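On a predicted model such as this, the values are computed, not experimentally measured, just so you know. Proteins get letters first, then strands, A, B, ... in listed order; numbering begins at 1 in each.
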Amino acid sequence: MHDIRLLRDQLDRLRDGMRRRKKLDELAPLLDRAEELERDRRSAITELEAQQAQRNRLTQEVGERRKAGREATDLIAAGRAAGDVIAALEHRKSSAEAAVQALLYELPNLTFDEVPEGGEEANRIMRAWGAPRPDGSLIKPHWEIGERLGMLDVTRGAKISGSGFIVYRGIGARLVRGLMNMMLDIHTVEHGYEECSVPLVVNRASMTGTGQLPKFADDMYHINEEDLFLIPTSEVPLTNLYRDEILDATELPKSLCAFTACFRREAGAAGKDTRGLLRVHEFDKVELVKYTTPETSLTELELLTSHAEVILQRLELPYRVVLLAAGDTGFASAKTYDLEVFAPGVGKWLEVSSCSVMSDFQARRANIRYRPAPGEKPRFVHTLNGSALAFSRIIASLLEHGQQPDGSVHVPEALQSYVGCSTLR
RNA sequence: GGCGUGGUGGCCGAGUGGUUUAAGGCAGCGGUCUUGAAAACCGCCGAACCUGAAAGGGUUCCGUGAGUUCGAAUCUCACCUACGCCGCCA
C-alpha cells in the first residue's frame, strides 16, 4: 500500500509508476477518484476535530458545574446536539477513509528507477550460469522419467485430491526430503538465516498484510468456517511474524527462512503449462525473507538472490537471472529478479525463484517498523523475499537435466549424501 | 466444547463515569558530579492523524468492534486472545 499522502503531494509520481507498469489507462480513473476522496476525507477530519474540541470544552464544564453543585441542563442539551453533528461527521470521515483505502489496496507498488519500463518483452537477462545440455531434443519430459522410476504418481494424486496434486513415492519422496534438508542447511549454516517452522494456515489480516488480499482472493484456498487461508508461500507467515511491531535497529537486517507447502488455486491458469510438475496446486518451497532498513534493501536483494543462486549451482543446474520489467513485476514488489532454470525435456526455462524487494509496501500494510536509534521516531522497514527454491520445478529440471542414456538420473554431488545415492534408477 | 479470570505505552504495572494531560517503576536520552565510568541526584522521554511557512494549535488511541451517556480505560453486548479447571482427543 502507498502512503496516502502521495495522493496529495505526488500524484504525478503515482501516475508515472502506473505508466511504467503499463497500467495507467486502467488505473488513472482510480487514482483520480482516490485523490478526490482523500480531499473529502481531510475536510471531514478537520470539521470533525473542531466539533470534538468544542464538545470536550462543554463536557468539561458540565463536570465543573456539577462539582460546584450547579445545574448544567443547557450544556447537556448543547452537548447532545454536538454529539449528533459529530456522529454525522464521523460517518462521513470513515466512509471516505474506507473508500480511499479500498482504492489504495488496488494499486501496485512503485518500481525502483533501475527497473526497465514496459511489459515482459522488456525483461533483462542479467547473467547466466552453466549451459543447457546439447542433446536436449533427445531428453524425455520429467513426467515420463518420474513415472518410469516410480518416483511420481500423478494419477493417484489426482484420484485422492484432484488434478495438480502430486504423490511422490520411494526415491521421489526421499528426494523431496533431501532437497529440504540440503537447502535449509545451506541457508542456516552458510547464509545465516534463522530457520522457522510456521503455520500453513493464516488469517485475513496476514493475507492483507503481504498484499494477497483483497485483490487476489480468487487465487487462494479459503476455509470458510474460520475465515482462514492456506498460504500461497511462506512469505506470508514469515513477513507477518512482525506485523504491528517495532523492531530495534540492531536487529536488522533480520533473515528468516522456512520450508513449507504452498497452496495455489491457479484459477484461470487452466491449460497453460499444466503437465507434470510445471504448475500444481500444492508444492513445497524453501523461502527466504529479510527485514531491512530502506538504505540497505537493494544490496540485501543482491545478497538474497545470490543465496538462491548458490542452491542452483550446488544442484548443477544451468540457470539465468532475469530482471523483470515493471509490467512483469509482481503487485507488491519494487524490483524482482526471477531465476529460471532450463528443463531440456520440455525445452523451457522454468521460473524456480522470484527474489523481490517490496520497499515499504508490505511494511505499511502490515505496520512493521523499526526504531533507527533510541528516542527516534519509528520508520517502516523494507521487506524482501525470495524462493530458494520451489521444489516441483526443480525436481522437473533435475530429472530432465540429469537424465542418462540408460534412463537413470544423475544426482548432483552436493545432494548425494542427502538422498543417499548418486543415481536415481 | 463448558465454566472462570485476565488483556493498559518499548517492558512491568496502578487506575470502577468528570483536573487521566493514563500514577509509579524499569529501560532509553540529556545534564550535574567524576580523570573516566558506576552510583546518586535533576530534567526529558508513546503512537497515529488534522491544521499551519514555522512556532504552535487540535483530534484520536487503554485487545477489536458496536452500544449506553453531555462525557467511557472505567458501564453493556459481541468477537479475538492468554491463562486455569472440566470435557473430548493425536
Side-chain angles (χ1 to χ4, degrees), chain A residues 1-10 34-102 104 197-209 213 223-229 237 240-252 254 291 293 360-381:
Chain A
M1 189 169 62
H2 300 287
D3 189 340
I4 197 167
R5 279 171 293 201
L6 293 184
L7 289 173
R8 279 186 246 175
D9 309 321
Q10 303 184 47
E35 195 266 345
E36 194 183 317
L37 282 162
E38 156 60 7
R39 248 181 300 137
D40 186 52
R41 182 188 76 98
R42 270 178 13 244
S43 85
I45 289 175
T46 308
E47 278 181 60
L48 170 67
E49 291 186 351
Q51 288 292 324
Q52 284 172 325
Q54 170 64 14
R55 184 182 64 182
N56 287 347
R57 282 190 289 274
L58 283 173
T59 61
Q60 204 174 339
E61 205 181 329
V62 172
E64 281 162 20
R65 282 208 205 168
R66 282 274 166 86
K67 192 167 280 181
R70 290 190 289 138
E71 274 296 323
T73 42
D74 55 328
L75 294 179
I76 288 173
R80 192 176 289 136
D84 292 343
V85 175
I86 286 170
L89 283 167
E90 259 169 0
H91 181 260
R92 192 179 130 203
K93 176 201 152 190
S94 57
S95 55
E97 203 160 62
V100 175
Q101 179 96 337
L104 283 179
S197 178
V198 294
L200 307 181
V201 173
V202 298
N203 58 29
R204 183 172 288 273
S206 294
M207 285 296 240
T208 307
L213 291 179
I223 299 165
N224 218 356
E225 286 74 9
E226 340 292 83
D227 195 29
L228 295 171
F229 298 82
N240 279 281
L241 221 48
Y242 291 96
R243 172 154 52 83
D244 292 321
E245 294 194 34
I246 300 173
L247 296 161
D248 200 280
T250 56
E251 297 176 72
L252 303 179
K254 184 180 274 298
Y291 299 74
T293 64
D360 61 3
F361 190 84
Q362 291 181 325
R364 181 171 283 108
R365 284 179 168 237
N367 192 29
I368 309 165
R369 294 172 293 172
Y370 77 103
R371 202 179 292 281
E376 282 189 40
K377 289 268 175 203
R379 299 171 71 198
F380 288 116
V381 299

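Nucleic acid contact for A:Arg204: none, since no nucleic acid atom lies under 4.0 Å from a heavy atom of the residue. As judged by a 4.0 angstrom heavy-atom cut-off over every strand, A:Arg57 is placed among residues making no nucleic acid contact. Residue contacts for A:Ile45: at a heavy-atom cut-off of 4.0 Å it reaches the sugar-phosphate backbone alone, with no base atom in range.
Comparing the same atom, P, in B:G6 and in B:G65 gives a spacing of 22 Å after rounding to whole Å. Rounded to whole Å, the separation between the P atoms of B:G71 and B:G57 comes to 26 Å. Using P as the reference atom, B:A22 and B:A73 are 11 Å apart when rounded to the nearest Å. Taking the P atoms as reference points, B:G17 lies 50 Å from B:A37, given to the whole Å. If you take atom C1' in B:G43 and the same atom in B:C33, they sit 15 Å apart, rounded to whole Å. Across B:C45 and B:C29, the matching C1' atoms stand 7 Å from one another, rounded to whole Å. Of the C1' atoms belonging to B:A72 and B:C86, the separation is 36 Å, rounded to the nearest Å. Using C1' as the reference atom, B:U64 and B:C80 are 7 Å apart when rounded to the nearest Å.
Applying the 4.0 Å criterion to OP1 and OP2 of B:G71, one finds that A:Asn56 has every side-chain N and O outside that range. OP1 or OP2 of B:C70 has at least one side-chain nitrogen or oxygen of A:Arg80 nearer than 4.0 Å. Note on A:Arg66: every side-chain N or O is 4.0 Å or more away from OP1 and OP2 of B:G17. The shortest distance between the side-chain N/O atoms of A:Arg5 and the OP1/OP2 oxygens of B:C49 is below 4.0 Å. Between A:Lys377 and B:A48, a side-chain N or O to OP1/OP2 separation shorter than 4.0 Å is present. In this model, the phosphate group of B:U51 is approached by a side-chain N or O of A:Arg8 to a distance below 4.0 Å at OP1 or OP2.
For B:G58, its base sits under 3.5 Å from the side chain of A:Glu49 at one donor and acceptor pair at least.
The nucleotide whose nearest atom lies closest to any side-chain atom of A:Arg369 is, among B:C70, B:A48, B:C50, B:A48. For A:Arg41, counting side-chain heavy atoms from C-beta on, the closest listed nucleotide (B:C49, B:U59, B:C70) is B:C49.
Put simply, CG on A:Asp244 is 14 Å from C1' on B:U81, counting in whole angstrom units. Taking atom CD1 of residue A:Ile246 and atom C1' of nucleotide B:C11, one finds them 12 Å apart after rounding to whole Å. Taking atom CD on A:Gln54 and atom P on B:C50, their separation rounds to 23 Å, with Å as the unit. Atom-to-atom, CG of A:Leu75 to P of B:G18 comes out at 18 Å; the value is rounded to the nearest Å. Atom CG in A:Leu89 sits roughly 16 Å away from atom P in B:C50 (whole-Å rounding). Rounding to whole angstrom units, CG of residue A:Asp248 and C1' of B:A27 are separated by 11 Å. Distance, A:Arg39 CZ to B:C50 P: 15 Å, rounded to whole Å. Note: NZ (A:Lys93) to P (B:U51) measures 12 Å, nearest angstrom.
No side-chain N or O of A:Arg365 forms a donor-acceptor pair with one of A:Gln362 less than 3.5 Å apart.
Taking 4.0 Å as the cut-off between side-chain N and carboxylate O, A:Arg41 and A:Glu38 count as a salt-bridged pair. Checked for salt-bridge contact, A:Glu251 and A:Lys254 meet the test: a charged N lies under 4.0 Å from a carboxylate O. Using a cut-off of 4.0 Å between Lys/Arg side-chain N and Asp/Glu carboxylate O, A:Glu47 and A:Arg92 are scored as salt-bridged. Looking at A:Asp360 and A:Arg369, no side-chain N of the basic residue comes within less than 4.0 Å of a carboxylate O on the acidic one, giving no salt bridge.
A donor-acceptor pair under 3.5 Å links the side-chain atoms of A:Asn240 to the main chain of A:Ser206, judged by distance alone.
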Determine, step by step, whether A:Gln54 and A:Arg57 satisfy the side chain to side chain donor-acceptor pair (under 3.5 Å) criterion, reporting the C-alpha distance in whole Å, the side-chain angles of both residues, the deciding distance to 0.1 Å, and the verdict. CA-CA 5 Å; A:Gln54 170 64 14; A:Arg57 282 190 289 274; 3.2 Å; yes
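Toward the 5' end of RNA chain B, the nearer of the two residues A:Ser43 and A:Ala78, judged by each one's closest nucleotide, is A:Ser43. If A:Arg42 and A:Gly63 are placed on RNA chain B by their nearest nucleotide, the residue sitting closer to the 5' end is A:Gly63.
With sequence neighbours excluded, the residues that form a salt bridge (charged side-chain N to carboxylate O under 4.0 Å, His left out) with A:Asp3 are A:Arg5, A:Arg364.
In this structure the side chain of A:Glu64 never reaches within 4.5 angstrom of the side chain of A:Val62, judged on heavy atoms.
In RNA chain B, stems built from 3 or more consecutive Watson-Crick or G-U wobble pairs, each with both distances under 3.5 Å, span B:1-7 with B:80-86, B:10-12 with B:24-26, B:28-32 with B:40-44, B:46-51 with B:56-61, B:63-67 with B:75-79.
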